[in-house]
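These values consider heavy atoms only, across backbone and side chains, with no hydrogens, waters or symmetry-generated copies. On a predicted model such as this, the values are computed, not experimentally measured, just so you know.
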Amino acid sequence: RTSGETLKITMFNDVAYQFNPEWVDALHCDADCAKLWACSRFAWLCRRHPVDHGRNPGTLGPPLPWPPPEEEASIRSLVKSANVLQGFFSRMDVERLRNLTRRRLVLWTVLRHPLERSLSWLGMINASCPRVPWAPTCADATALNYYQRPPRVRTDVGPSRRELLASHVTSYAHDAMVWQLGHQMHASHRDVPDRVALERAKEFLEQMDYVGFFEDMLFDFPRLAREIFPHATHNFMYSALYMLGAVLGWPRMHT
(Lines give C-alpha, C1' and ligand atoms only; values in the text may rest on other atoms or scores of the structure.)
Protein backbone atom coordinates (compact mmCIF):
# COMPACT_ATOMS: atom_id res chain seq x y z
CA ARG A 1 0.00 0.00 0.00
CA THR A 2 1.09 3.58 -0.45
CA SER A 3 2.32 5.26 2.69
CA GLY A 4 -0.50 7.82 2.68
CA GLU A 5 -3.27 5.26 2.40
CA THR A 6 -1.67 2.98 4.99
CA LEU A 7 -1.21 5.78 7.48
CA LYS A 8 -4.81 6.87 7.01
CA ILE A 9 -5.98 3.37 7.89
CA THR A 10 -3.66 2.84 10.83
CA MET A 11 -3.38 6.27 12.45
CA PHE A 12 -6.34 8.52 11.70
CA ASN A 13 -9.78 8.23 10.17
CA ASP A 14 -10.96 11.82 10.21
CA VAL A 15 -9.86 12.84 6.71
CA ALA A 16 -12.25 15.61 5.68
CA TYR A 17 -11.03 15.88 2.10
CA GLN A 18 -8.87 13.71 -0.14
CA PHE A 19 -7.44 14.96 -3.40
CA ASN A 20 -6.57 12.53 -6.18
CA PRO A 21 -6.21 14.17 -9.59
CA GLU A 22 -8.33 12.52 -12.27
CA TRP A 23 -5.34 11.88 -14.49
CA VAL A 24 -3.61 9.95 -11.70
CA ASP A 25 -6.53 7.66 -10.88
CA ALA A 26 -7.62 7.16 -14.47
CA LEU A 27 -4.24 5.64 -15.32
CA HIS A 28 -5.00 2.72 -12.98
CA CYS A 29 -6.99 0.89 -15.59
CA ASP A 30 -8.18 -2.29 -13.96
CA ALA A 31 -11.80 -3.28 -14.60
CA ASP A 32 -13.14 -1.42 -11.56
CA CYS A 33 -11.32 1.81 -12.37
CA ALA A 34 -12.42 1.64 -15.98
CA LYS A 35 -16.03 1.61 -14.81
CA LEU A 36 -15.37 4.30 -12.21
CA TRP A 37 -13.93 6.71 -14.76
CA ALA A 38 -16.45 5.92 -17.51
CA CYS A 39 -17.81 9.48 -17.37
CA SER A 40 -14.49 11.22 -16.72
CA ARG A 41 -12.87 13.41 -19.35
CA PHE A 42 -9.87 11.10 -18.90
CA ALA A 43 -11.89 7.92 -19.54
CA TRP A 44 -10.14 7.47 -22.90
CA LEU A 45 -7.02 6.40 -20.99
CA CYS A 46 -8.79 3.14 -20.10
CA ARG A 47 -10.12 2.47 -23.59
CA ARG A 48 -8.72 1.27 -26.87
CA HIS A 49 -9.80 2.85 -30.14
CA PRO A 50 -8.83 1.16 -33.44
CA VAL A 51 -9.29 4.50 -35.19
CA ASP A 52 -9.55 7.87 -33.48
CA HIS A 53 -12.69 9.32 -35.09
CA GLY A 54 -13.04 12.88 -33.85
CA ARG A 55 -12.19 12.03 -30.27
CA ASN A 56 -9.51 14.70 -29.96
CA PRO A 57 -11.13 18.12 -29.84
CA GLY A 58 -8.79 21.04 -30.12
CA THR A 59 -9.81 22.21 -26.64
CA LEU A 60 -8.33 19.10 -24.99
CA GLY A 61 -5.77 20.40 -22.55
CA PRO A 62 -3.75 19.54 -19.45
CA PRO A 63 -5.33 19.00 -16.03
CA LEU A 64 -6.41 22.17 -14.28
CA PRO A 65 -4.54 23.13 -11.09
CA TRP A 66 -6.22 22.43 -7.76
CA PRO A 67 -8.81 23.39 -6.65
CA PRO A 68 -11.15 22.86 -9.59
CA PRO A 69 -13.21 26.03 -10.16
CA GLU A 70 -16.46 24.15 -9.64
CA GLU A 71 -15.26 22.91 -6.23
CA GLU A 72 -13.60 26.05 -4.88
CA ALA A 73 -16.64 27.34 -2.94
CA SER A 74 -17.29 24.01 -1.21
CA ILE A 75 -13.58 23.54 -0.43
CA ARG A 76 -13.36 27.07 0.97
CA SER A 77 -16.23 26.23 3.31
CA LEU A 78 -14.75 22.84 4.19
CA VAL A 79 -11.32 24.06 5.23
CA LYS A 80 -12.81 26.35 7.87
CA SER A 81 -13.37 23.35 10.16
CA ALA A 82 -11.63 20.39 8.51
CA ASN A 83 -9.24 18.22 10.52
CA VAL A 84 -7.14 16.48 7.87
CA LEU A 85 -6.72 17.17 4.17
CA GLN A 86 -4.78 14.48 2.39
CA GLY A 87 -3.84 13.97 -1.19
CA PHE A 88 -1.65 14.44 -4.21
CA PHE A 89 -0.95 18.10 -3.52
CA SER A 90 1.90 20.04 -5.09
CA ARG A 91 3.54 23.06 -3.51
CA MET A 92 1.49 25.53 -5.55
CA ASP A 93 -1.68 23.68 -4.51
CA VAL A 94 -0.72 24.21 -0.87
CA GLU A 95 -0.09 27.90 -1.54
CA ARG A 96 -3.60 28.17 -2.97
CA LEU A 97 -4.90 26.31 0.07
CA ARG A 98 -3.29 28.93 2.31
CA ASN A 99 -5.29 31.58 0.47
CA LEU A 100 -8.53 29.72 1.20
CA THR A 101 -8.17 29.79 4.98
CA ARG A 102 -6.61 31.85 7.75
CA ARG A 103 -5.99 28.77 9.85
CA ARG A 104 -2.42 27.62 10.42
CA LEU A 105 -1.60 24.60 8.30
CA VAL A 106 0.29 21.70 9.86
CA LEU A 107 2.23 20.24 6.96
CA TRP A 108 3.60 16.71 6.87
CA THR A 109 4.81 14.35 4.20
CA VAL A 110 6.38 10.93 3.77
CA LEU A 111 9.15 10.80 1.17
CA ARG A 112 10.29 7.77 -0.78
CA HIS A 113 13.40 7.09 -2.82
CA PRO A 114 12.60 8.87 -6.12
CA LEU A 115 13.47 5.90 -8.34
CA GLU A 116 11.49 3.49 -6.14
CA ARG A 117 8.48 5.77 -6.31
CA SER A 118 8.72 6.14 -10.06
CA LEU A 119 9.09 2.40 -10.65
CA SER A 120 6.30 1.62 -8.18
CA TRP A 121 3.90 3.73 -10.24
CA LEU A 122 5.06 2.03 -13.44
CA GLY A 123 4.37 -1.34 -11.84
CA MET A 124 0.88 -0.29 -10.78
CA ILE A 125 -0.26 0.96 -14.17
CA ASN A 126 1.32 -2.03 -15.93
CA ALA A 127 -0.48 -4.45 -13.62
CA SER A 128 -3.68 -3.91 -15.61
CA CYS A 129 -2.32 -5.61 -18.76
CA PRO A 130 -3.66 -6.11 -21.35
CA ARG A 131 -5.46 -2.83 -20.58
CA VAL A 132 -2.17 -0.96 -20.12
CA PRO A 133 -3.15 2.69 -20.53
CA TRP A 134 0.02 4.36 -21.75
CA ALA A 135 2.05 2.14 -24.08
CA PRO A 136 1.09 0.72 -27.49
CA THR A 137 1.11 -2.85 -26.09
CA CYS A 138 2.03 -4.66 -22.88
CA ALA A 139 5.28 -5.71 -24.55
CA ASP A 140 6.08 -2.02 -25.09
CA ALA A 141 5.35 -1.06 -21.46
CA THR A 142 9.01 -1.29 -20.48
CA ALA A 143 11.15 0.89 -18.25
CA LEU A 144 13.16 1.91 -21.33
CA ASN A 145 10.08 3.28 -23.12
CA TYR A 146 8.85 4.81 -19.85
CA TYR A 147 12.02 6.78 -19.11
CA GLN A 148 12.95 7.89 -22.62
CA ARG A 149 12.14 11.47 -23.61
CA PRO A 150 9.50 11.66 -24.88
CA PRO A 151 8.10 8.34 -23.65
CA ARG A 152 6.84 5.86 -26.21
CA VAL A 153 3.06 6.10 -25.87
CA ARG A 154 -0.02 4.75 -27.62
CA THR A 155 -0.70 5.42 -31.27
CA ASP A 156 -4.42 4.60 -31.31
CA VAL A 157 -5.32 8.13 -30.20
CA GLY A 158 -4.88 11.44 -31.97
CA PRO A 159 -1.85 13.77 -31.65
CA SER A 160 -3.31 16.02 -28.95
CA ARG A 161 -4.08 13.04 -26.71
CA ARG A 162 -0.69 11.46 -27.41
CA GLU A 163 0.96 14.68 -26.30
CA LEU A 164 -1.18 14.81 -23.16
CA LEU A 165 -0.52 11.16 -22.37
CA ALA A 166 3.23 11.70 -22.78
CA SER A 167 3.04 14.59 -20.31
CA HIS A 168 1.21 12.35 -17.79
CA VAL A 169 3.98 9.75 -18.01
CA THR A 170 6.75 12.37 -17.86
CA SER A 171 5.18 13.81 -14.71
CA TYR A 172 5.96 10.55 -12.90
CA ALA A 173 9.07 9.36 -14.74
CA HIS A 174 11.18 12.51 -14.50
CA ASP A 175 11.83 14.33 -11.22
CA ALA A 176 8.29 13.93 -9.92
CA MET A 177 9.15 14.60 -6.27
CA VAL A 178 11.24 17.69 -7.03
CA TRP A 179 8.42 19.25 -9.02
CA GLN A 180 5.69 18.20 -6.60
CA LEU A 181 7.53 19.75 -3.65
CA GLY A 182 9.04 22.67 -5.55
CA HIS A 183 6.31 23.85 -7.90
CA GLN A 184 3.67 21.76 -9.72
CA MET A 185 4.12 18.07 -10.42
CA HIS A 186 2.34 17.75 -13.77
CA ALA A 187 4.74 18.32 -16.65
CA SER A 188 2.30 20.65 -18.41
CA HIS A 189 2.69 23.15 -15.55
CA ARG A 190 6.47 22.99 -15.08
CA ASP A 191 7.10 26.58 -16.08
CA VAL A 192 10.12 27.49 -13.93
CA PRO A 193 13.77 26.36 -14.37
CA ASP A 194 14.72 22.97 -12.90
CA ARG A 195 17.18 24.50 -10.44
CA VAL A 196 14.47 26.84 -9.13
CA ALA A 197 12.11 23.91 -8.53
CA LEU A 198 14.88 22.02 -6.72
CA GLU A 199 15.73 24.92 -4.40
CA ARG A 200 12.06 25.58 -3.68
CA ALA A 201 11.54 21.89 -2.90
CA LYS A 202 14.32 22.04 -0.30
CA GLU A 203 12.82 25.20 1.19
CA PHE A 204 9.36 23.63 1.32
CA LEU A 205 10.66 20.57 3.17
CA GLU A 206 12.27 22.89 5.73
CA GLN A 207 8.81 24.43 6.32
CA MET A 208 7.22 21.05 7.03
CA ASP A 209 6.21 20.17 10.59
CA TYR A 210 7.15 16.57 9.90
CA VAL A 211 9.07 14.76 7.16
CA GLY A 212 9.23 10.98 7.24
CA PHE A 213 10.71 8.40 4.91
CA PHE A 214 8.85 5.45 3.42
CA GLU A 215 11.99 3.32 3.79
CA ASP A 216 12.27 4.14 7.52
CA MET A 217 8.64 4.03 8.66
CA LEU A 218 9.67 1.46 11.27
CA PHE A 219 11.08 4.44 13.17
CA ASP A 220 9.18 7.34 11.61
CA PHE A 221 5.68 5.92 12.22
CA PRO A 222 5.94 6.32 16.03
CA ARG A 223 7.44 9.79 15.53
CA LEU A 224 4.52 10.83 13.32
CA ALA A 225 2.04 9.60 15.93
CA ARG A 226 3.88 11.44 18.68
CA GLU A 227 4.55 14.75 16.92
CA ILE A 228 1.58 15.26 14.59
CA PHE A 229 -1.25 13.03 15.83
CA PRO A 230 -0.78 12.77 19.62
CA HIS A 231 -4.55 12.92 20.28
CA ALA A 232 -5.70 10.71 17.41
CA THR A 233 -7.57 7.52 18.27
CA HIS A 234 -6.83 4.50 16.14
CA ASN A 235 -7.21 0.75 16.12
CA PHE A 236 -4.32 -0.87 17.99
CA MET A 237 -4.46 -4.00 15.82
CA TYR A 238 -4.01 -1.96 12.62
CA SER A 239 -1.01 -0.18 14.11
CA ALA A 240 0.50 -3.46 15.31
CA LEU A 241 0.08 -5.03 11.87
CA TYR A 242 1.60 -1.94 10.26
CA MET A 243 4.65 -2.15 12.53
CA LEU A 244 4.99 -5.87 11.79
CA GLY A 245 4.92 -5.13 8.07
CA ALA A 246 7.48 -2.36 8.55
CA VAL A 247 9.80 -4.76 10.38
CA LEU A 248 9.47 -7.46 7.71
CA GLY A 249 9.85 -4.96 4.85
CA TRP A 250 12.76 -3.00 6.31
CA PRO A 251 15.53 -5.13 4.70
CA ARG A 252 13.87 -4.90 1.26
CA MET A 253 13.57 -1.13 1.55
CA HIS A 254 17.32 -0.79 2.16
CA THR A 255 18.67 -2.85 -0.73
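Here the closest heavy-atom approach between residue Ala141 and residue Val132 is recorded as CB-CG2, 4.0 Å. Of all heavy-atom pairs spanning Met185 and Ala176, the tightest one is CE-CB, 3.8 Å. What you find for Lys80 and Arg76 is that their closest heavy atoms are CG-O, 3.5 Å. Taking every heavy atom of both residues into account, Leu100 and Pro67 meet most closely at CD1-CG, 4.3 Å.
Rounded to the nearest 0.5 Å, atoms CZ (Phe89) and CD (Gln180) are 10.5 Å apart. Taking CG of Asn126 as the reference point, atom CG of Leu119 lies at 10.5 Å (rounded to 0.5 Å). Going from atom OG of Ser188 over to atom NE2 of His168 covers 7.5 Å, rounded to the nearest 0.5 Å. Rounding to the nearest 0.5 angstrom, the gap separating the OG atom in Ser167 from the OH atom in Tyr172 is 13.0 Å. Once rounded to the nearest 0.5 Å, the distance linking CZ of Arg117 with CE of Met177 reads 5.5 Å. Expressed to the nearest 0.5 Å, how far CD of Gln86 lies from CH2 of Trp108 amounts to 6.0 Å.
Between Tyr210 and Leu107, the closest side-chain pair of non-hydrogen atoms is not below 4.5 Å. The side-chain heavy atoms of Val94 and Leu105, taken from C-beta on, include a pair separated by under 4.5 Å. By the 4.5 Å heavy-atom criterion applied to side chains, Arg112 and Ser120 are counted as neighbours. Put simply, the side chain of Thr170 does not reach to within 4.5 Å of the side chain of Pro150, judged on heavy atoms. Looking at heavy atoms from C-beta onward, Ser118 lies in side-chain contact with Tyr146 at the 4.5 angstrom threshold. At a threshold of 4.5 Å between non-hydrogen side-chain atoms, the residues Leu111 and Val211 count as touching. For the pair Leu85/Phe19, no side-chain contact is recorded, criterion being any heavy-atom separation below 4.5 Å from C-beta on. Between Asp140 and Arg152 there is a side-chain heavy-atom pair separated by less than 4.5 Å.
Side-chain contact of Trp134 with Asn145: a donor-acceptor pair under 3.5 Å is absent, judged by distance alone. Defined by atom type and a distance below 3.5 Å, a donor-acceptor pair is present between the side-chain atoms of Gln184 and Asp93.
With Arg154 contributing its side chain and Arg161 its backbone, the two residues share no donor-acceptor pair below 3.5 Å. Within the 3.5 Å criterion, the main-chain N or O of Trp66 finds a donor-acceptor partner in the side chain of Arg96. Between the side chain of Thr101 and the backbone N or O of Arg103, at least one donor-acceptor pair lies under 3.5 Å.
With salt bridges taken as basic N to acidic carboxylate O contacts below 4.0 Å, one links Arg104 and Asp209. Residues Lys202 and Glu206 are not paired through a salt bridge, judged by the lack of any N-O separation under 4.0 Å between the basic side chain and the carboxylate. Using a 4.0 Å cut-off between charged side-chain N and carboxylate O, Arg200 and Glu203 make no salt bridge.
In the hydrophobic cluster analysis, where Ile, Leu, Val, Met, Phe, Trp and Tyr join through side-chain heavy atoms closer than 4.5 angstrom, Ile125 is grouped apart from Leu144. A continuous path of ILVMFWY side-chain contacts below 4.5 Å connects Leu97 to Met208, so both sit in one hydrophobic cluster. When hydrophobic clusters are built by joining Ile, Leu, Val, Met, Phe, Trp and Tyr residues whose side-chain heavy atoms come closer than 4.5 Å, directly or via intermediates, Phe88 is grouped together with Trp121. Connection of Val110 to Phe219 is established within a shared hydrophobic cluster, with ILVMFWY side chains joined at heavy-atom distances below 4.5 Å, either directly or through further cluster members.
Contacts of Thr109 classified as side chain to side chain donor-acceptor pair (under 3.5 Å), with partners at least two apart in sequence or in another chain: none. Every residue was checked against the side chain to side chain donor-acceptor pair (under 3.5 Å) condition with His189, not counting sequence neighbours, and none meets it. Listed by chain and residue number, nothing satisfies the side chain to side chain donor-acceptor pair (under 3.5 Å) test with Arg195 (two or more places apart in sequence, or in another chain).
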### Test log, rule side-chain contact (heavy atoms from CB on, under 4.5 Å), inputs Leu205 and Leu181
CA-CA 8 Å; Leu205 287 173; Leu181 292 167; 3.9 Å; yes

### Step-by-step side-chain contact (heavy atoms from CB on, under 4.5 Å) determination, Arg223 to Ile228
CA-CA 8 Å; Arg223 184 166 65 89; Ile228 305 298; over 6 Å; no

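Under the side chain to side chain contact (heavy atoms under 4.5 Å, CB included) test applied with His183, the options Val178, Asp191, Leu198, Asp194 reduce to a single match, Asp191.
The aromatic rings of Tyr147 and His174 sit perpendicular, their planes meeting at an angle over 60°, well past the 30° parallel limit.
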